[in-house]
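Quick notes on the structure that follows.
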Amino acid sequence: MDLVLLKFILYYFFNINMKVLVTLNCWDMETQLVFYKMAVDHSFYVHYINLNDSAAIQNIEYRLVGKRPTMGIFMDMKCGSSEELLNIAARERLFNDHFFWLIYDNTANITYFRALFENLNLAVDAEITYAILNNLNNEWSNETNAASYTLYDVYNNGYYHGGKLNMTLDREIFCTVQQCIINKYLSKLHFRTKYGNRDKLHDVTLRLTVVVTKIPLTSTPDEILNFLSSTKDVNYDAIARFGYQVVVILIDYLGCGVNYTFVNRWTINETHGGLIGALAVQSADLISTPFIPTLPRMEFFTVIAETSTFRSICMFRTPRNSGIQGDVFLKPFNTTVWTLFAVLLLLTAIVLWSIFRLERYRMHKRYIDYMPSILATFLISFGSACSQGSEMVPGSIGGRIVFLTLYLLTFLMYNYYTSIVVSSLLGSPVKSDIKTMGQLADSSLEVGLEPLPFTLTYLNNSLLPEVRRFKRKIDSSPHPQEIWMPLKKGILRVRDQPGFVFGFEASTGYFFVKRYYKPYEICDLNELLFRPEKSLYSQVHKNSSYKEVTKQKIIRILETGVSIKLHRHWVQTTLECFDSNFIVEVGMEYMAPLFMLLLVTYFLVIGILLLEILHKKYWLDRKMKLESIILGGNWHNE
């Protein structure tokens, strides 16, 4: 029974905070019981598998995978089935960051170990420590029940990708039955983290799948790569080219080789086909383009970092004939204020009439040649509200004070009213009341869409009621195929045809808007989300051995600001509208009520004039008849 070895095993796993252990050994029962008691005393959970029993290791992967997120595994290489177990572990990819292996070799046969592991499927995320038993030196030779162990860090950057076995000396540990201590460090490995030691993949060639849609796949690889690397024509494959240029930096950081595969689509459905499908079936180690994480995709992928955004929008200029909006002339005051103002004008008219009457009949002062009626004084009061003067002015001091008070009141009201109206009409561009997809679907506005695969997929598969109504709006069009039009054509049609709605992907469409629109035309645009805005994430397969090293490199790229710089070049997220840029035209939707009021007034005046003419003619005829009757009666009397 080697109590020192048992102490060393517990010391190793205790220091890496691993309390769930599987021991693969061929110890006798007494040793097993002693180790179990020592493990329980230190709060370890231990599961034992006998390596001398070949049947015990069959289907061992099913007993390990899924029990715990991580666990420690101790294996003794002197046992009979150890080599068979290692082959099973390599085949089932058990050398990963979920299993922390401590492989013990009391014979210190490093040559045999190296020959065995050179052909095993190891990866860069492997957690394997190879421990050999040393001969005690003179310093510790007098110690009884003591032993010295040398530890190696073992990994491979990717056996199936051309990687070579790497064994790095780590440290020497001296153990007694009571304790274990680090005797000395044998390299600078302890100064670095795990991936600080494995940050370069010079000996492997990774598989990179790249998406490109704007040039045919029949083009030569050099032509495709030149297109993806160029910075011209930013409206073509903006997200794909942005992602590719970030991945090129990642590949440079990793220092590995690359085998390219080119595809012309992101995916057929959530997880199959195209770029995403290649990553899902692990025919690609890396892909060039970030994409949206969805629930079905989370079964296959791990999110690394947010690198971009996806905004699909509908844009249109507000149609000027979108409805009469005459209430702008009533908005400065609410109903209570308007009513109170009218009452004050009426009361002032009555007061003025009373003053004129008082001056004429009581004070016997005729400042004017006739006595005005209440209607005339009301016209004076109303004219003051409209900033008009009057030729009838009271002569008394009290009357003139009333007149000045009326002018002051109406002056303040008029200036306040006009300032509000002018600011409402000229303060900002006219915006549409259509703010959602449901309102757009129910409107009569004409619609066009950019022919993007994910747009068609969204229309066909979305269960949202407003999207369903929008789909019916498109299908009910006289020419549904004409709905789909190139991006440039649709953007220009929005500019030239107010009221035409065009749906497109914002990151590319904004380039055309900035290129072909005048500043005030940009301020006149309305936007609504065609689908909820999403973030795009760099992702890798859940079982990828390069998951952690890729994550660290991508985060480093984000920290340096290189990714943000590229994102600003390739992905446009905003349109700038400044106050000095827009020219606001007051259209007929605002002025129509005034013209209609004027027209109604004309008809009213003409109608009243005709009534007055008829009234005058009626009384004139009646007067003539009366005069003729009177004259006829006098003649008979004579």
Side-chain angles (χ1 to χ4, degrees), residues 1-65 67-68 70-92 94-96 98-110 112-117 120 122 126-134 145-154 170 173-177 180:
M1 181 187 302
D2 191 348
L3 294 177
V4 178
L5 174 62
L6 304 185
K7 184 66 178 181
F8 167 68
I9 295 171
L10 295 178
Y11 166 82
Y12 173 81
F13 287 108
F14 181 84
N15 277 275
I16 63 173
N17 196 28
M18 193 63 57
K19 292 298 187 74
V20 179
L21 303 182
V22 175
T23 61
L24 307 169
N25 57 62
C26 48
W27 300 335
D28 58 58
M29 186 56 64
E30 182 182 358
T31 304
Q32 292 286 356
L33 291 175
V34 171
F35 180 72
Y36 179 77
K37 184 179 183 306
M38 292 174 64
V40 170
D41 291 341
H42 290 84
S43 302
F44 281 86
Y45 172 79
V46 181
H47 178 66
Y48 164 67
I49 296 177
N50 187 357
L51 277 186
N52 279 342
D53 183 3
S54 180
I57 65 173
Q58 299 302 318
N59 301 320
I60 190 174
E61 64 274 12
Y62 299 109
R63 284 182 282 170
L64 297 179
V65 176
K67 280 193 173 184
R68 296 274 179 167
T70 58
M71 66 174 62
I73 300 178
F74 170 77
M75 193 192 79
D76 194 341
M77 286 196 65
K78 72 178 182 181
C79 299
S81 300
S82 59
E83 187 171 339
E84 181 182 357
L85 174 67
L86 291 174
N87 288 326
I88 293 174
R91 183 178 68 247
E92 301 299 332
L94 300 182
F95 295 117
N96 54 46
H98 296 289
F99 303 104
F100 289 71
W101 291 76
L102 175 62
I103 301 176
Y104 174 65
D105 184 6
N106 65 336
T107 63
N109 192 347
I110 298 177
Y112 169 73
F113 180 88
R114 185 181 294 274
L116 180 62
F117 272 76
L120 293 183
L122 305 186
E127 294 280 0
I128 302 174
T129 298
Y130 175 53
I132 61 174
L133 180 64
N134 299 326
N145 293 326
S148 174
Y149 304 94
T150 298
L151 274 57
Y152 290 80
D153 179 46
V154 181
D170 184 9
I173 296 177
F174 176 78
C175 288
T176 64
V177 176
C180 290

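The chain is numbered in sequence order, starting from 1. The basis for the numbers below is simple: all heavy atoms, side chains too, and nothing from hydrogens, waters or symmetry mates.
Using a 4.5 Å heavy-atom cutoff, the side chains of Leu86 and Phe117 are in contact. Residues Phe113 and Tyr152 have side chains not in contact (no heavy-atom distance under 4.5 Å, counting atoms from C-beta outward). By the 4.5 Å heavy-atom criterion applied to side chains, Ile128 and Phe95 are counted as neighbours. For the pair Tyr104/Leu102, no side-chain contact is recorded, criterion being any heavy-atom separation below 4.5 Å from C-beta on. Looking at heavy atoms from C-beta onward, Phe74 lies in side-chain contact with Phe13 at the 4.5 angstrom threshold. Two residues are said to be in side-chain contact when any heavy atoms from C-beta on lie closer than 4.5 Å; Met77 and Met75 meet this criterion. Here the side chains of Phe8 and Ile173 are in contact, with some heavy-atom distance below 4.5 Å. Looking only at side-chain heavy atoms (C-beta outward), Leu21 and Ile73 stay at 4.5 Å or farther from each other.
With hydrogens and angles left out, the side-chain atoms of Thr129 and Tyr12 include a donor and acceptor closer than 3.5 Å. Between the side chains of Asp105 and Thr107, at least one donor-acceptor pair of N or O atoms lies under 3.5 Å.
To the nearest 0.5 Å, atom NE2 of residue His42 and atom OH of residue Tyr11 are 12.5 Å apart. Between atom CG of residue Leu10 and atom OG of residue Ser43 there is a gap of 11.0 Å, rounded to the nearest 0.5 Å. To the nearest 0.5 Å, the span separating CG on Leu133 from OG1 on Thr150 amounts to 9.0 Å. To the nearest 0.5 Å, atom OG of residue Ser81 and atom CG of residue Asn87 are 11.0 Å apart. Atom SG of Cys79 sits about 12.0 Å away from atom CD1 of Ile49, to the nearest 0.5 Å. The structure places CZ of Arg114 at 10.0 Å from OH of Tyr130, a figure rounded to the nearest 0.5 Å.
Residues Phe99 and Leu94 share a closest heavy-atom pair of CD1-O, 3.2 Å. The heavy-atom pair separating Leu151 from Ala131 by the smallest distance is CD1-CB, 4.2 Å. Nearest heavy-atom pair, Leu6 versus Val34, reported as atom, atom and distance to 0.1 Å: CD1-CG1, 4.1 Å. The two residues Val4 and Ala147 make their nearest non-hydrogen contact at CG1-CB, 3.7 Å. Across every non-hydrogen atom of Thr176 and Lys7, the tightest pair is O-CG, 3.5 Å.
Applying the 6.0 Å contact sphere to CG of Asn17 captures no more than 12 heavy atoms from other residues, nucleotides or ligands.
Under a 3.5 Å cut-off, the side chain of Asn52 and the backbone N or O of Gly80 do form a donor-acceptor pair.
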Practice prompt. Test Glu127 against Asn96 for side-chain contact (heavy atoms from CB on, under 4.5 Å), laying out the working first.
Written response: CA-CA 6 Å; Glu127 294 280 0; Asn96 54 46; over 6 Å; no

Worksheet item: When you look at Met38 and Phe44, which way does the side-chain contact (heavy atoms from CB on, under 4.5 Å) test go after all the steps?
Response: CA-CA 9 Å; Met38 292 174 64; Phe44 281 86; over 6 Å; no

Item to complete: Start with the C-alpha gap between Tyr149 and Ile132, add the side-chain angles, then the distance that decides, and say whether side-chain contact (heavy atoms from CB on, under 4.5 Å) holds.
Response: CA-CA 6 Å; Tyr149 304 94; Ile132 61 174; over 6 Å; no

Practice prompt. Applying side-chain contact (heavy atoms from CB on, under 4.5 Å), run through Leu85 and Leu51 and close with a yes or a no.
Written response: CA-CA 8 Å; Leu85 174 67; Leu51 277 186; 3.6 Å; yes

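Applying the side chain to side chain donor-acceptor pair (under 3.5 Å) test to Thr23 and every residue at least two apart in sequence or in another chain returns Asn25.
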